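All residue numbers in this chain count up from 1 along the given sequence. Since this is a predicted model, take the numbers as computed values, not measurements. Just follow the structure's listing: the first ligand is 1, and inside any ligand the first atom is 1.
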Amino acid sequence: MYCGDETGSFIGEIGSHTCRFGYGGEDNPKMVSPSYVVSSSSSKSSSSNQQQRYRRDDDDDDNNTTNNTFSVQPITNPNSFLRQGELVENWDNMETAWETSMHTLRVRDTLKHTKVGSQYNAATKRNEYIKYTELIMESLEASSVFLAPAPMLAAFSLGRQTALMVDIGAGGCCVTPIVDGLVLKNSQRRNGRGGDWLGDMTWKALQENKQSKSDKRNSNNNNNNNNDKKEGESLPSLSPSFPVIKPRYMLGKKVASSTNSIFQRRNINNNGITNVGGQGSIYHLPDGTPVDLASSFGRDLCQLPELLFAETTTLPFQHNNNPSSSVLQSTTLSNEPLHKLIHESLLSIGDVDARKELAQCICLVGGSSLLHNIETRLSQELSAILPSFVKPKVLVSRVSSVERSCASWIGASILTSLGSFQQLWLSKAEYEEYGTAMAIQRFP
Ligand SMILES: Nc1ncnc2c1ncn2[C@@H]1O[C@H](COP(=O)(O)OP(=O)(O)OP(=O)(O)O)[C@@H](O)[C@H]1O
(Lines give C-alpha, C1' and ligand atoms only; values in the text may rest on other atoms or scores of the structure.)
Protein backbone atom coordinates (compact mmCIF):
# COMPACT_ATOMS: atom_id res chain seq x y z
CA MET A 1 0.00 0.00 0.00
CA TYR A 2 1.35 3.37 -0.93
CA CYS A 3 0.58 6.05 1.64
CA GLY A 4 1.84 9.19 0.01
CA ASP A 5 0.52 12.63 0.96
CA GLU A 6 -0.17 13.63 -2.63
CA THR A 7 -2.77 11.51 -4.37
CA GLY A 8 -3.32 13.84 -7.34
CA SER A 9 -7.09 13.61 -7.30
CA PHE A 10 -9.54 15.54 -9.37
CA ILE A 11 -12.94 15.77 -7.71
CA GLY A 12 -16.27 16.43 -9.33
CA GLU A 13 -19.64 16.80 -7.67
CA ILE A 14 -22.60 17.17 -9.97
CA GLY A 15 -25.81 18.51 -8.50
CA SER A 16 -29.09 19.34 -10.17
CA HIS A 17 -28.29 23.05 -9.90
CA THR A 18 -24.52 23.37 -9.60
CA CYS A 19 -21.43 21.36 -10.56
CA ARG A 20 -18.25 21.68 -8.54
CA PHE A 21 -14.82 20.61 -9.70
CA GLY A 22 -11.36 20.93 -8.25
CA TYR A 23 -8.30 19.22 -6.86
CA GLY A 24 -8.26 16.99 -3.81
CA GLY A 25 -6.62 18.51 -0.75
CA GLU A 26 -7.78 22.05 -1.56
CA ASP A 27 -10.22 24.03 0.58
CA ASN A 28 -12.67 25.03 -2.17
CA PRO A 29 -13.62 23.77 -5.60
CA LYS A 30 -11.70 25.54 -8.36
CA MET A 31 -14.66 25.66 -10.69
CA VAL A 32 -18.32 26.08 -9.82
CA SER A 33 -20.63 26.03 -12.80
CA PRO A 34 -24.35 25.65 -13.46
CA SER A 35 -25.74 22.23 -14.25
CA TYR A 36 -26.78 23.20 -17.75
CA VAL A 37 -25.41 22.53 -21.16
CA VAL A 38 -26.64 25.16 -23.58
CA SER A 39 -26.51 25.44 -27.33
CA SER A 40 -26.42 28.80 -28.95
CA SER A 41 -28.90 29.59 -31.74
CA SER A 42 -26.48 31.85 -33.62
CA SER A 43 -23.49 29.59 -33.92
CA LYS A 44 -24.15 28.05 -37.34
CA SER A 45 -20.63 28.75 -38.50
CA SER A 46 -19.10 27.03 -35.51
CA SER A 47 -18.19 23.41 -35.38
CA SER A 48 -20.62 21.06 -33.67
CA ASN A 49 -18.41 21.00 -30.62
CA GLN A 50 -18.53 24.74 -30.37
CA GLN A 51 -22.29 24.73 -30.74
CA GLN A 52 -22.52 22.93 -27.43
CA ARG A 53 -21.50 25.83 -25.26
CA TYR A 54 -21.03 25.43 -21.57
CA ARG A 55 -22.25 28.39 -19.64
CA ARG A 56 -19.99 29.38 -16.78
CA ASP A 57 -21.12 30.66 -13.46
CA ASP A 58 -20.46 34.36 -13.66
CA ASP A 59 -21.27 35.89 -10.35
CA ASP A 60 -20.65 33.43 -7.57
CA ASP A 61 -17.79 35.12 -5.79
CA ASP A 62 -18.10 32.95 -2.72
CA ASN A 63 -17.14 29.83 -4.56
CA ASN A 64 -13.84 30.92 -5.99
CA THR A 65 -15.08 30.79 -9.55
CA THR A 66 -12.81 31.45 -12.47
CA ASN A 67 -14.30 33.95 -14.93
CA ASN A 68 -12.68 33.53 -18.29
CA THR A 69 -15.18 32.83 -21.02
CA PHE A 70 -18.90 33.36 -21.27
CA SER A 71 -21.53 32.47 -23.77
CA VAL A 72 -23.15 35.78 -24.64
CA GLN A 73 -25.86 34.37 -26.89
CA PRO A 74 -29.31 33.80 -25.45
CA ILE A 75 -29.89 30.38 -23.99
CA THR A 76 -32.23 28.46 -26.25
CA ASN A 77 -31.88 24.89 -25.17
CA PRO A 78 -31.00 24.37 -21.55
CA ASN A 79 -30.55 20.74 -20.59
CA SER A 80 -29.92 19.86 -17.04
CA PHE A 81 -27.89 16.89 -15.87
CA LEU A 82 -29.94 15.54 -13.02
CA ARG A 83 -33.60 15.47 -12.18
CA GLN A 84 -34.48 16.14 -8.57
CA GLY A 85 -30.84 15.75 -7.62
CA GLU A 86 -30.64 12.03 -8.24
CA LEU A 87 -31.68 10.75 -11.67
CA VAL A 88 -29.21 11.41 -14.44
CA GLU A 89 -31.18 12.94 -17.30
CA ASN A 90 -28.48 13.09 -19.90
CA TRP A 91 -25.19 11.19 -19.75
CA ASP A 92 -23.76 13.14 -22.69
CA ASN A 93 -24.21 16.35 -20.74
CA MET A 94 -22.58 14.74 -17.76
CA GLU A 95 -19.59 13.87 -19.90
CA THR A 96 -19.51 17.38 -21.37
CA ALA A 97 -19.42 18.83 -17.86
CA TRP A 98 -16.46 16.65 -16.85
CA GLU A 99 -14.67 17.30 -20.15
CA THR A 100 -15.18 21.06 -19.89
CA SER A 101 -13.99 21.24 -16.32
CA MET A 102 -10.92 19.12 -17.10
CA HIS A 103 -10.15 21.25 -20.12
CA THR A 104 -10.63 24.52 -18.23
CA LEU A 105 -8.56 23.42 -15.26
CA ARG A 106 -5.98 21.81 -17.56
CA VAL A 107 -6.23 18.44 -15.86
CA ARG A 108 -5.07 16.51 -18.90
CA ASP A 109 -1.91 18.62 -19.10
CA THR A 110 -0.76 17.40 -15.71
CA LEU A 111 -0.48 13.87 -14.41
CA LYS A 112 -3.35 11.45 -14.88
CA HIS A 113 -5.63 12.19 -12.02
CA THR A 114 -7.96 10.05 -10.03
CA LYS A 115 -11.57 11.12 -10.40
CA VAL A 116 -13.98 11.15 -7.53
CA GLY A 117 -17.65 11.53 -8.24
CA SER A 118 -20.18 11.96 -5.52
CA GLN A 119 -23.80 11.24 -6.09
CA TYR A 120 -27.05 10.82 -4.23
CA ASN A 121 -28.46 7.35 -3.88
CA ALA A 122 -25.94 6.12 -6.39
CA ALA A 123 -25.51 2.86 -4.53
CA THR A 124 -29.20 2.08 -4.79
CA LYS A 125 -29.23 2.77 -8.51
CA ARG A 126 -26.75 0.16 -9.64
CA ASN A 127 -27.05 1.02 -13.30
CA GLU A 128 -26.11 4.60 -12.68
CA TYR A 129 -23.11 3.53 -10.62
CA ILE A 130 -21.92 1.30 -13.44
CA LYS A 131 -22.49 3.95 -16.09
CA TYR A 132 -20.69 6.58 -14.05
CA THR A 133 -17.68 4.31 -13.57
CA GLU A 134 -17.60 3.52 -17.29
CA LEU A 135 -17.83 7.18 -18.18
CA ILE A 136 -14.94 8.14 -15.93
CA MET A 137 -12.74 5.18 -16.81
CA GLU A 138 -13.36 4.98 -20.54
CA SER A 139 -14.48 8.36 -21.85
CA LEU A 140 -12.33 10.40 -19.48
CA GLU A 141 -9.46 7.90 -19.36
CA ALA A 142 -8.90 8.14 -15.62
CA SER A 143 -6.17 6.17 -13.94
CA SER A 144 -8.47 5.32 -11.05
CA VAL A 145 -11.91 6.19 -9.76
CA PHE A 146 -13.86 6.42 -6.53
CA LEU A 147 -17.55 7.21 -6.16
CA ALA A 148 -19.21 8.01 -2.86
CA PRO A 149 -22.64 9.20 -1.72
CA ALA A 150 -22.77 12.95 -1.18
CA PRO A 151 -24.25 12.84 2.39
CA MET A 152 -21.43 10.59 3.58
CA LEU A 153 -18.85 13.01 2.23
CA ALA A 154 -20.70 15.99 3.72
CA ALA A 155 -20.60 14.33 7.16
CA PHE A 156 -16.91 13.76 6.62
CA SER A 157 -16.38 17.45 5.90
CA LEU A 158 -17.95 18.31 9.25
CA GLY A 159 -15.79 15.75 11.06
CA ARG A 160 -18.84 13.67 12.07
CA GLN A 161 -18.98 9.90 12.02
CA THR A 162 -22.56 9.77 13.19
CA ALA A 163 -24.94 12.47 12.03
CA LEU A 164 -28.30 13.01 10.43
CA MET A 165 -27.36 14.84 7.25
CA VAL A 166 -30.07 17.12 5.89
CA ASP A 167 -29.17 18.35 2.43
CA ILE A 168 -31.46 21.17 1.30
CA GLY A 169 -30.38 21.48 -2.30
CA ALA A 170 -32.03 22.65 -5.47
CA GLY A 171 -34.03 19.52 -6.31
CA GLY A 172 -35.34 18.89 -2.81
CA CYS A 173 -34.44 17.97 0.75
CA CYS A 174 -32.63 14.72 1.41
CA VAL A 175 -32.37 13.32 4.94
CA THR A 176 -29.67 10.68 5.35
CA PRO A 177 -28.67 9.01 8.62
CA ILE A 178 -24.94 8.27 8.81
CA VAL A 179 -23.91 5.90 11.59
CA ASP A 180 -20.20 5.23 12.15
CA GLY A 181 -19.46 6.59 8.69
CA LEU A 182 -21.98 4.35 6.93
CA VAL A 183 -25.10 5.49 5.11
CA LEU A 184 -28.33 3.89 6.33
CA LYS A 185 -29.91 3.67 2.89
CA ASN A 186 -33.24 2.30 4.06
CA SER A 187 -33.77 5.30 6.32
CA GLN A 188 -32.93 7.87 3.68
CA ARG A 189 -35.89 10.13 2.91
CA ARG A 190 -36.32 12.72 0.21
CA ASN A 191 -38.93 15.28 -0.80
CA GLY A 192 -39.29 17.62 -3.75
CA ARG A 193 -39.21 20.90 -1.84
CA GLY A 194 -35.87 22.51 -2.52
CA GLY A 195 -34.39 25.74 -3.80
CA ASP A 196 -35.77 25.25 -7.31
CA TRP A 197 -39.23 24.72 -5.97
CA LEU A 198 -38.97 27.80 -3.76
CA GLY A 199 -37.76 29.66 -6.84
CA ASP A 200 -40.82 28.50 -8.77
CA MET A 201 -43.08 29.59 -5.94
CA THR A 202 -41.37 32.99 -5.73
CA TRP A 203 -41.77 33.39 -9.46
CA LYS A 204 -45.41 32.45 -9.21
CA ALA A 205 -45.99 34.85 -6.35
CA LEU A 206 -44.40 37.73 -8.23
CA GLN A 207 -46.42 36.98 -11.33
CA GLU A 208 -49.66 36.68 -9.40
CA ASN A 209 -48.91 39.99 -7.78
CA LYS A 210 -48.17 41.52 -11.16
CA GLN A 211 -51.38 40.10 -12.58
CA SER A 212 -53.54 41.28 -9.73
CA LYS A 213 -51.95 44.75 -9.96
CA SER A 214 -52.64 45.04 -13.65
CA ASP A 215 -56.20 43.77 -13.20
CA LYS A 216 -56.69 46.37 -10.53
CA ARG A 217 -55.20 49.07 -12.71
CA ASN A 218 -57.46 48.11 -15.61
CA SER A 219 -60.57 48.22 -13.47
CA ASN A 220 -59.46 51.56 -12.04
CA ASN A 221 -58.95 52.88 -15.56
CA ASN A 222 -62.40 51.72 -16.51
CA ASN A 223 -63.78 53.70 -13.63
CA ASN A 224 -61.78 56.74 -14.78
CA ASN A 225 -59.84 56.63 -11.57
CA ASN A 226 -56.25 57.72 -12.10
CA ASN A 227 -55.05 56.84 -8.61
CA ASP A 228 -54.03 53.35 -9.68
CA LYS A 229 -50.77 53.08 -7.82
CA LYS A 230 -50.81 52.58 -4.10
CA GLU A 231 -48.18 54.41 -2.14
CA GLY A 232 -45.36 52.27 -0.75
CA GLU A 233 -46.17 49.29 -2.97
CA SER A 234 -44.70 48.83 -6.38
CA LEU A 235 -45.23 46.44 -9.22
CA PRO A 236 -42.37 44.06 -9.90
CA SER A 237 -41.71 43.68 -13.59
CA LEU A 238 -39.92 40.46 -14.34
CA SER A 239 -39.37 40.33 -18.03
CA PRO A 240 -36.27 42.37 -18.89
CA SER A 241 -33.27 40.43 -17.74
CA PHE A 242 -34.32 36.88 -18.67
CA PRO A 243 -33.17 35.29 -21.91
CA VAL A 244 -35.39 33.56 -24.47
CA ILE A 245 -36.19 30.65 -22.19
CA LYS A 246 -36.16 31.26 -18.49
CA PRO A 247 -33.65 28.67 -17.34
CA ARG A 248 -34.18 27.41 -13.87
CA TYR A 249 -30.54 28.03 -13.03
CA MET A 250 -30.85 31.76 -13.62
CA LEU A 251 -34.05 31.91 -11.63
CA GLY A 252 -32.23 30.03 -8.85
CA LYS A 253 -29.47 32.62 -8.88
CA LYS A 254 -31.99 35.42 -8.65
CA VAL A 255 -33.81 33.68 -5.83
CA ALA A 256 -30.51 33.17 -4.03
CA SER A 257 -29.61 36.80 -4.37
CA SER A 258 -33.11 37.92 -3.34
CA THR A 259 -33.32 35.53 -0.44
CA ASN A 260 -30.00 36.73 0.90
CA SER A 261 -31.55 40.12 1.38
CA ILE A 262 -35.27 39.52 1.65
CA PHE A 263 -35.28 36.53 3.97
CA GLN A 264 -32.69 38.09 6.24
CA ARG A 265 -35.32 40.60 7.23
CA ARG A 266 -37.18 37.76 8.92
CA ASN A 267 -36.90 37.36 12.63
CA ILE A 268 -38.28 34.38 14.49
CA ASN A 269 -39.55 35.16 17.95
CA ASN A 270 -39.81 32.73 20.84
CA ASN A 271 -43.26 31.62 19.79
CA GLY A 272 -41.99 30.58 16.39
CA ILE A 273 -43.76 33.46 14.68
CA THR A 274 -41.93 35.07 11.85
CA ASN A 275 -41.82 38.84 11.75
CA VAL A 276 -40.47 40.99 9.00
CA GLY A 277 -37.97 43.41 10.43
CA GLY A 278 -37.06 46.84 9.17
CA GLN A 279 -40.36 48.68 8.86
CA GLY A 280 -40.71 50.48 5.58
CA SER A 281 -37.62 48.78 4.16
CA ILE A 282 -37.45 48.73 0.41
CA TYR A 283 -35.72 45.81 -1.32
CA HIS A 284 -34.66 46.04 -4.93
CA LEU A 285 -35.13 42.94 -7.07
CA PRO A 286 -32.15 41.99 -9.24
CA ASP A 287 -33.78 43.80 -12.19
CA GLY A 288 -33.96 46.99 -10.11
CA THR A 289 -37.67 46.88 -9.32
CA PRO A 290 -38.36 47.99 -5.74
CA VAL A 291 -40.55 45.90 -3.42
CA ASP A 292 -41.59 47.38 -0.12
CA LEU A 293 -41.17 44.65 2.50
CA ALA A 294 -43.54 46.47 4.83
CA SER A 295 -46.34 46.19 2.28
CA SER A 296 -48.63 43.18 2.46
CA PHE A 297 -47.05 41.64 -0.63
CA GLY A 298 -43.54 42.18 0.78
CA ARG A 299 -44.54 40.44 4.00
CA ASP A 300 -45.99 37.52 2.03
CA LEU A 301 -42.79 37.22 0.03
CA CYS A 302 -40.75 36.99 3.21
CA GLN A 303 -42.94 34.11 4.37
CA LEU A 304 -42.10 31.92 1.36
CA PRO A 305 -39.39 29.78 3.05
CA GLU A 306 -42.13 28.77 5.51
CA LEU A 307 -43.37 26.54 2.70
CA LEU A 308 -40.55 24.12 3.53
CA PHE A 309 -42.40 23.41 6.79
CA ALA A 310 -45.98 23.80 5.59
CA GLU A 311 -48.44 20.90 5.45
CA THR A 312 -49.85 22.10 2.13
CA THR A 313 -47.96 23.76 -0.66
CA THR A 314 -50.47 26.58 -1.08
CA LEU A 315 -48.92 29.99 -1.10
CA PRO A 316 -50.01 31.88 2.02
CA PHE A 317 -51.59 34.50 -0.19
CA GLN A 318 -52.77 32.29 -3.03
CA HIS A 319 -56.42 32.87 -3.82
CA ASN A 320 -57.18 30.23 -6.40
CA ASN A 321 -56.36 27.33 -4.05
CA ASN A 322 -54.19 25.59 -6.60
CA PRO A 323 -52.05 23.73 -4.12
CA SER A 324 -48.89 22.50 -5.73
CA SER A 325 -46.39 23.65 -8.24
CA SER A 326 -45.55 21.80 -11.42
CA VAL A 327 -42.27 20.66 -9.89
CA LEU A 328 -43.97 18.55 -7.26
CA GLN A 329 -46.67 17.35 -9.59
CA SER A 330 -44.11 16.01 -12.02
CA THR A 331 -42.26 13.83 -9.52
CA THR A 332 -42.93 10.78 -7.49
CA LEU A 333 -41.07 12.26 -4.54
CA SER A 334 -42.67 12.68 -1.17
CA ASN A 335 -44.38 15.98 -0.45
CA GLU A 336 -43.79 15.85 3.30
CA PRO A 337 -42.57 19.01 5.02
CA LEU A 338 -38.94 19.00 6.11
CA HIS A 339 -39.45 18.32 9.83
CA LYS A 340 -41.79 15.39 9.08
CA LEU A 341 -39.26 13.95 6.69
CA ILE A 342 -36.64 14.03 9.45
CA HIS A 343 -39.10 12.50 11.89
CA GLU A 344 -39.93 9.69 9.45
CA SER A 345 -36.27 8.99 8.85
CA LEU A 346 -35.55 8.80 12.58
CA LEU A 347 -38.53 6.53 13.20
CA SER A 348 -37.31 4.10 10.56
CA ILE A 349 -34.11 3.46 12.53
CA GLY A 350 -34.55 0.44 14.78
CA ASP A 351 -31.82 1.22 17.31
CA VAL A 352 -33.27 3.70 19.84
CA ASP A 353 -29.85 4.87 21.04
CA ALA A 354 -28.71 5.59 17.50
CA ARG A 355 -31.97 7.45 16.92
CA LYS A 356 -31.34 9.64 19.95
CA GLU A 357 -27.75 10.26 18.97
CA LEU A 358 -28.76 11.23 15.44
CA ALA A 359 -31.45 13.62 16.68
CA GLN A 360 -28.77 15.41 18.65
CA CYS A 361 -26.62 15.89 15.58
CA ILE A 362 -28.76 17.12 12.70
CA CYS A 363 -26.44 18.83 10.22
CA LEU A 364 -27.80 21.17 7.56
CA VAL A 365 -25.94 21.40 4.26
CA GLY A 366 -26.80 22.45 0.69
CA GLY A 367 -27.38 25.81 -0.96
CA SER A 368 -30.87 26.35 0.41
CA SER A 369 -29.69 25.73 3.97
CA LEU A 370 -28.30 29.27 3.66
CA LEU A 371 -31.80 30.61 4.25
CA HIS A 372 -31.56 32.90 7.21
CA ASN A 373 -32.46 31.36 10.59
CA ILE A 374 -33.52 28.07 9.06
CA GLU A 375 -31.81 26.11 11.85
CA THR A 376 -33.85 27.88 14.56
CA ARG A 377 -37.06 27.32 12.65
CA LEU A 378 -36.29 23.63 12.12
CA SER A 379 -35.39 23.18 15.80
CA GLN A 380 -38.74 24.59 16.83
CA GLU A 381 -40.67 22.28 14.53
CA LEU A 382 -38.66 19.22 15.60
CA SER A 383 -39.05 19.98 19.31
CA ALA A 384 -42.80 20.04 18.79
CA ILE A 385 -42.95 16.77 16.89
CA LEU A 386 -40.34 14.62 18.71
CA PRO A 387 -40.93 13.02 22.14
CA SER A 388 -39.92 15.25 25.04
CA PHE A 389 -36.94 13.08 26.07
CA VAL A 390 -35.30 13.65 22.67
CA LYS A 391 -33.63 17.05 22.44
CA PRO A 392 -33.02 17.82 18.77
CA LYS A 393 -29.91 19.80 17.99
CA VAL A 394 -29.62 21.39 14.55
CA LEU A 395 -26.09 22.28 13.54
CA VAL A 396 -24.91 24.51 10.71
CA SER A 397 -21.42 25.52 9.74
CA ARG A 398 -20.93 29.20 10.46
CA VAL A 399 -17.44 29.51 9.04
CA SER A 400 -18.52 30.38 5.51
CA SER A 401 -21.39 29.78 3.12
CA VAL A 402 -19.08 27.59 0.99
CA GLU A 403 -18.82 25.09 3.84
CA ARG A 404 -22.56 24.58 3.63
CA SER A 405 -23.11 24.73 -0.10
CA CYS A 406 -20.03 22.67 -1.03
CA ALA A 407 -19.97 20.36 2.01
CA SER A 408 -19.74 17.11 0.06
CA TRP A 409 -17.05 18.43 -2.28
CA ILE A 410 -15.00 19.51 0.73
CA GLY A 411 -15.54 16.08 2.33
CA ALA A 412 -14.25 14.42 -0.83
CA SER A 413 -11.27 16.75 -0.85
CA ILE A 414 -10.37 15.75 2.71
CA LEU A 415 -10.88 12.07 1.95
CA THR A 416 -8.65 12.08 -1.10
CA SER A 417 -5.88 13.84 0.76
CA LEU A 418 -5.65 10.99 3.27
CA GLY A 419 -2.87 8.53 2.57
CA SER A 420 -5.14 5.56 3.24
CA PHE A 421 -7.50 6.70 0.47
CA GLN A 422 -5.39 4.71 -1.99
CA GLN A 423 -6.83 1.53 -0.52
CA LEU A 424 -10.30 2.61 -1.56
CA TRP A 425 -10.10 3.61 -5.18
CA LEU A 426 -10.64 1.37 -8.17
CA SER A 427 -7.56 1.36 -10.35
CA LYS A 428 -7.48 1.04 -14.12
CA ALA A 429 -5.85 -2.41 -13.83
CA GLU A 430 -8.59 -3.64 -11.49
CA TYR A 431 -11.27 -2.18 -13.73
CA GLU A 432 -9.81 -3.92 -16.77
CA GLU A 433 -9.56 -7.22 -14.95
CA TYR A 434 -12.86 -7.33 -13.04
CA GLY A 435 -15.01 -4.74 -14.83
CA THR A 436 -17.76 -2.69 -13.24
CA ALA A 437 -18.74 -5.48 -10.84
CA MET A 438 -15.74 -4.44 -8.79
CA ALA A 439 -17.09 -0.88 -8.60
CA ILE A 440 -20.29 -2.10 -6.98
CA GLN A 441 -18.34 -4.09 -4.42
CA ARG A 442 -15.77 -1.42 -3.73
CA PHE A 443 -17.69 1.86 -3.46
CA PRO A 444 -19.81 2.72 -0.40
N1 LIG B 1 -27.96 32.30 -0.06
C2 LIG B 1 -28.95 31.53 -0.43
N3 LIG B 1 -30.15 31.60 0.16
C4 LIG B 1 -31.16 30.79 -0.22
N5 LIG B 1 -31.07 29.87 -1.20
C6 LIG B 1 -29.89 29.76 -1.82
C7 LIG B 1 -28.77 30.57 -1.48
N8 LIG B 1 -27.73 30.22 -2.28
C9 LIG B 1 -28.19 29.24 -3.09
N10 LIG B 1 -29.47 28.97 -2.82
C11 LIG B 1 -30.32 27.97 -3.48
O12 LIG B 1 -29.68 26.72 -3.32
C13 LIG B 1 -29.97 25.89 -4.45
C14 LIG B 1 -28.68 25.25 -4.89
O15 LIG B 1 -28.21 24.45 -3.87
P16 LIG B 1 -27.09 23.34 -4.13
O17 LIG B 1 -25.96 23.98 -4.85
O18 LIG B 1 -26.84 22.65 -2.85
O19 LIG B 1 -27.89 22.41 -5.13
P20 LIG B 1 -27.35 21.16 -5.93
O21 LIG B 1 -26.38 20.40 -5.09
O22 LIG B 1 -26.92 21.57 -7.29
O23 LIG B 1 -28.73 20.42 -6.08
P24 LIG B 1 -29.17 18.98 -5.54
O25 LIG B 1 -28.73 18.90 -4.13
O26 LIG B 1 -30.65 19.00 -5.70
O27 LIG B 1 -28.49 18.02 -6.46
C28 LIG B 1 -30.55 26.79 -5.53
O29 LIG B 1 -31.92 26.45 -5.68
C30 LIG B 1 -30.39 28.19 -4.99
O31 LIG B 1 -31.52 28.99 -5.31
Side-chain angles (χ1 to χ4, degrees), residues 12-21 28-29 31-36 57 59-63 65 80-89 93-94 97 117-122 128 149-151 153-154 157 165-176 188 190-203 246-266 286 301-302 304-308 325 327 331 333 363-375 377 396-397 400-412:
E13 187 210 348
I14 302 205
S16 56
H17 178 268
T18 318
C19 303
R20 302 166 185 96
F21 296 96
N28 295 319
M31 180 177 161
V32 178
S33 49
S35 296
Y36 281 104
D57 187 359
D59 52 355
D60 201 343
D61 294 332
D62 263 4
N63 292 337
T65 309
S80 58
F81 297 69
L82 300 180
R83 183 151 44 90
Q84 298 294 317
E86 58 179 336
L87 295 171
V88 179
E89 282 197 327
N93 287 352
M94 191 77 110
S118 62
Q119 180 115 351
Y120 274 133
N121 290 346
E128 296 209 347
L153 295 171
S157 78
M165 298 308 299
V166 180
D167 185 335
I168 314 177
C173 304
C174 181
V175 180
T176 315
Q188 193 174 46
R190 204 178 157 83
N191 72 10
R193 300 188 195 186
D196 278 352
W197 179 71
L198 274 184
D200 283 356
M201 296 305 251
T202 309
W203 178 264
K246 169 181 68 70
R248 171 162 283 169
Y249 179 79
M250 299 193 63
L251 181 58
K253 294 295 290 180
K254 282 175 188 295
V255 171
S257 100
S258 311
T259 51
N260 267 339
S261 302
I262 291 184
F263 299 149
Q264 282 191 12
R265 314 282 174 109
R266 302 159 72 237
L301 211 56
C302 293
L304 273 172
E306 291 290 326
L307 288 175
L308 291 178
S325 78
V327 186
T331 71
L333 289 172
C363 302
L364 296 190
V365 292
S368 303
S369 72
L370 291 168
L371 287 168
H372 193 59
N373 270 338
I374 191 164
E375 66 281 11
R377 186 76 183 81
V396 286
S397 166
S400 76
S401 60
V402 182
E403 294 224 337
R404 273 196 243 178
S405 55
C406 303
S408 35
W409 190 94
I410 294 170

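The shortest heavy-atom contact between Ala150 and Ser408 is O-CB, 3.3 Å. Shortest non-hydrogen contact noted between His17 and Ala170 is CB-CB, 3.2 Å. When all heavy atoms are compared, the tightest approach of Arg193 to Cys173 is O-SG, 3.0 Å.
Each of the following atoms of ligand 1 lies closer than 4.0 Å to a heavy atom of Leu370: 1 (N), 2 (C), 3 (N), 8 (N). Taking every heavy atom of Arg20 and a limit of under 4.0 angstrom, the matching atoms of ligand 1 come to 16 (P), 17 (O), 18 (O), 21 (O). Of all atoms in ligand 1, listed by their number and element, those nearer than 4.0 Å to a heavy atom of Thr18 are 17 (O), 22 (O). Every atom of ligand 1 is numbered from 1 in the order shown, and the set under 4.0 Å from a heavy atom of Asp196 is 29 (O).
Between Gln188 and Cys174 there is a side-chain heavy-atom pair separated by less than 4.5 Å. In this structure, Asp167 and Thr176 have side chains that are not in contact, with every pair of non-hydrogen atoms separated by 4.5 Å or more. At a threshold of 4.5 Å between non-hydrogen side-chain atoms, the residues Ile168 and Leu371 do not count as touching.
Contacts of His372 with ligand 1, taken as heavy-atom pairs under 4.0 Å, are absent altogether. Of all the heavy atoms of Leu198, none lies under 4.0 Å from any atom of ligand 1, so neither backbone nor side chain is involved.
Of the possible polar contacts, one joining the Arg404 side chain to the Ser369 backbone as a donor-acceptor pair under 3.5 Å is found.
Of all the listed residues (Gly169, Gly366, Cys173, Gly171), Gly169 holds the heavy atom that lies closest to atom 25 (O) of ligand 1. The heavy atom nearest to atom 29 (O) of ligand 1, out of those in Gly192, Ser405, Gly194, Gly195, is found in Gly195.
For a threshold of 3.5 Å applied to N or O pairs, the pair formed by Glu13 and ligand 1 contains no separation below that value.
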